[in-house]
Chemist: 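My questions will all concern the structure given below.
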Amino acid sequence: MDRYDAQRIEERWQRVWEDAQAFHVENPRPGAAAEERHWYQLEMWPYPSGILHMGHVLNYTMGDVATHFRRRQGWRVVRPMGYDSFGLPAENAAINEGGHPREIVERNIATIRTQMKRLGWAVDWQREISSHDPDYYRWTQWLFLKFFEAGLAYRKEAPVNWCPNDQTVLANEQVVDGRCERCGAEVEARNLTQWFFRITAYADELRRYELPPDGEWPERTKTIQRNWIGRSEGAEILFRIEELDLDVPVFTTRPDTLFGATFFVLAPEHPLVERLAERSPNAGDLREYARKAGAKRGEERAAAEEKTGVFTGYFATNPVNEARIPIWVADYVLMEYGTGAIMAVPAHDERDFAFAQRFDLPVVQVVAPREGEVVEGAAYVEHTGDEVLVGSAQFSGMSSPEGKRAVVDWLAGRARGRDAVSFRLRDWSFSRQRYWGAPIPVVYCDDCGIVPLPYDELPLLLPEVEDYRPRGVAPLASNEEWMRVACPRCGGDARREADTMDTFVDSAWYFLRYAEPHDQEAPFDRAAVDYWLPVSQYIGGIDHATGHLMYSRFFVKVLNDLGLVGIREPFARLFHQGWVQQGGTKMSKSKGNVTGPDELLERYGADALRLYILFLGPADQDMEWSESGLEGMARFVRRLWRAVGEVAERPATDAPATGTLARKAHETIVRVSDDIGRRFQFNTPIAAVMELVNELSRAGADDPAARLAAETAVSLIQPYAPHVAEELWQRLGHERLWEQPWPQADESQLERGTFELVVQVNGKVRDRFAVDAGLSEEEMVARAKASARVQAHIEGAQVRKTIVVPRKLVNLVVE
RNA sequence: GCCGAAGUGGCGGAACUGGCAGACGCGCCGGACUCAAAAUCCGGUUCCCCUCGGGGAGUGUGGGUUCGAUUCCCACCUUCGGCACCA
């Protein structure tokens, strides 16, 4: 038997698959009956800001196992691949390396493609796409225009997150602990005019999951998304400012405490503040306070030790009791949430209470515990839910929930209030003052305002610029020739939008493009999308829970409402792989702690590496990368090679494959199929096949079931180690294992003639021995009591109770 | 503070529905082969006690349910993740 040579074998089969286009799958022809079961396997596409590391190896190998497994179970499986090549990650990499982003990403893509092929991943290479390709971003722009027409993309001035290092605006989702997700710089607040997607219009829907019947999302991901969206039910109530003849709405979740409102607070950014300042004796202080507060980010404000604020000199009238309460401006009220104005009820809100204490404002309790009484003096009363209203005129005596309802109804009858829901989610800011992204296809015309480009002018190509590095203004603005344009509507002078789109716009729809990736007529082919989507199994990091995964869901819901797709959710089943860590932190290029696969591929081969990364632990848990076990996995591959090779060198016989080795083979089929298929567990199947190979080695190649065991082991390990499996399969006299049906266990072979009877005394195992499988419960007890070891523990005692688990154990309970 | 996940040998982990804790692998120890080494193969490897038959303890801690708990319930500790001046 020749020596196992991973390099030679892997190179050979990769060429075979390439020549056969083994993993290419055609879309069904229009009108063809779609009887076949089909499956869309997808892992999140990589950023080509660098090349592959062990985290990628884990992710895509997992997808690969799932792909082979489904394919061989008779499913029509599409498994595409592409590159998230536009945007900040790629551009920053280019800046670091000092080249043009296009050159850098295209070089990285070429390397990644080579690495992916070297790892033997079963990808349909005819569906390869890149988001920086005009063939792709043309359609990103097309989708923007659709959103714009629908009023779902708009421009507004708003306080936004500014990264001083990357010199660009960031979405809320890209700010982590007050820092830029990409570079770690502390984010500042700036008031800028930016483009937004109206994702808040879908806030309620995004909290619901309209998954297909076989769909399944991890609960923790849904929880993260629901937390991010946030949702509070309450009421909007109008307070009147007589002096200005103006009604100001507030949002509250506690309309039952309306009688306890003792003051009123506006956020510093509230438009009304300037109007009040105009006629206020306190104008100087007011403007100064509002200006300072507006420059602080929410977190800075929250970190403040003591509440701050300024009295405006005005009063608002409480609609329920005509009380006139002072209007303050304070930065603990946020403009972005609710209406940017609140009624302050210090007795029943901790923050209002702290403010009232600080500025010596009255505290009036209007809700009391059912059994308790009204607390005398100024105090904050914790909300328990089981309370009654007090001092609230006709509402007194009602329970808290009844009070809420009754107060809102009363206000609604006088057009002073209504039910309202508030979300934490903000609209998605997606314009970036950066070069490397899809240009936003609009122009600004003095006469016509914002004018979208006509569809037939797409793609609006990203122009070349002298210097693409970020400097606070969009680099595209420096290309004057490109910026100057005739208005598509009136033909007059106009200027282009110089900002580009965020990377996450590109990735919010790429899974649709894969269905018909080279369509020149449309972003995606409706029939192909209807066939393949939603993605059957999506695999990627949980770090995208509030970003990419939410944006993609939003896009699909909008496209559905526009009649462009039939689905309401993009991803039916979602799985998060754990992080491959090095030195205790997630392996990533930006952290500089990466180990790449190239050297390991050379030393151990793709099969050993693929097996090892999945054997390291449960795929959904974080794992510390360590090379120490890889040699052991290479050992296993050689053991497989030898054990199966010895069988292959013998002529096949007609002798029936029976006995313990045959049963082990069938048991292994059951275990592996169940682990991958039902449990989506990838480490234990490897252990199961190891056991089978160990048993085959022990039994020897002349065991009557040796050939069955060898073929089964090779067939079951194929999704993990496709090259060596294919080679051995051929040596066993067969062909094209990648197309062979997944093995089926023979039920009759699983039957055991005996089983191991476990005997416990008082729940402790005292003996175990093989007995006939057909034993009745009485016989099992008799055999148990007959055991000398058991006797030693029940002698002289009385058996008070006997528990029998058929075909498993007997437990004797004694005094 | 609120919400969620996880704690098992020296290490990664297994034990799916309450029924043999530690599968499989790494590492380590011993042996075979060898002039020697590598490779390979065989045996051992949770801890403590032991007269070598075996006995006791043991899945973060403390309780509970049960004939029986890594698994279910309660409280707590630790670690990680999400949210947090969101009215």
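Because the structure is predicted, anything quoted here is derived from the model rather than measured. Residue numbers begin at 1 in each chain, while the letters A, B, ... track the order of the sequences.
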Chemist: What class does the angle between the rings of A/Y551 and A/W428 fall in, given that below 30° is parallel, 30 to 60° is tilted and above 60° is perpendicular?
Modeler: parallel
Chemist: Would you say B/rA15 has OP1 or OP2 under 4.0 Å from some side-chain N or O of A/Q681?
Modeler: yes
Chemist: Describe the nucleic acid contact of A/R639 in one word from base, sugar-phosphate, nothing, applying a heavy-atom distance below 4.0 Å.
Modeler: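 Touches sugar-phosphate only.
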Chemist: Under 3.5 Å, is there any donor-acceptor pair linking the side chain of A/N227 to the base of B/rC83?
Modeler: no
Chemist: Looking only at N and O atoms, is any donor in the side chain of A/K808 or the base of B/rC20 less than 3.5 Å from an acceptor on the other one?
Modeler: no
Chemist: With a 3.5 Å cut-off and just heavy-atom distances, do the side chain of A/R424 and the base of B/rC83 make a donor-acceptor pair?
Modeler: no
Chemist: Base, sugar-phosphate or nothing for A/N694? Non-hydrogen atoms, less than 4.0 Å.
Modeler: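 The residue A/N694 makes sugar-phosphate contact but no base contact.
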Chemist: Would you say A/H576 reaches B/rG81's phosphate, i.e. side-chain N/O to OP1/OP2 under 4.0 Å?
Modeler: no
Chemist: Between B/rC85, B/rC16, B/rG13, which one does the side chain of A/Q621 approach most closely?
Modeler: B/rG13
Chemist: To the closest 0.5 Å, what do you measure between CH2 (A/W625) and CD (A/Q581)?
Modeler: 13.5 Å
Chemist: With rounding to the nearest 0.5 Å, note down the distance linking CZ in A/R603 to CD in A/E627.
Modeler: 5.0 Å
Chemist: Taking only side-chain nitrogens and oxygens of A/R671, does any of them come within less than 4.0 Å of OP1 or OP2 of B/rA23?
Modeler: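 No, A/R671 has no side-chain N/O under 4.0 Å of OP1/OP2 on B/rA23.
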Chemist: Verify the contact: side-chain N or O of A/R789 to OP1 or OP2 of B/rG54, cut-off strictly under 4.0 Å; return yes or no.
Modeler: yes
Chemist: Given that both distances must come in under 3.5 Å, which nucleotide forms a Watson-Crick or G-U wobble pair with B/rC83?
Modeler: B/rG1
Chemist: Before accepting this row, confirm whether a basic side-chain N of the pair A/R679/A/D674 lies closer than 4.0 Å to the acidic partner's carboxylate O.
Modeler: no
Chemist: At under 4.0 Å between heavy atoms, what does A/L809 touch on the DNA or RNA strands: base, sugar-phosphate, or nothing?
Modeler: base
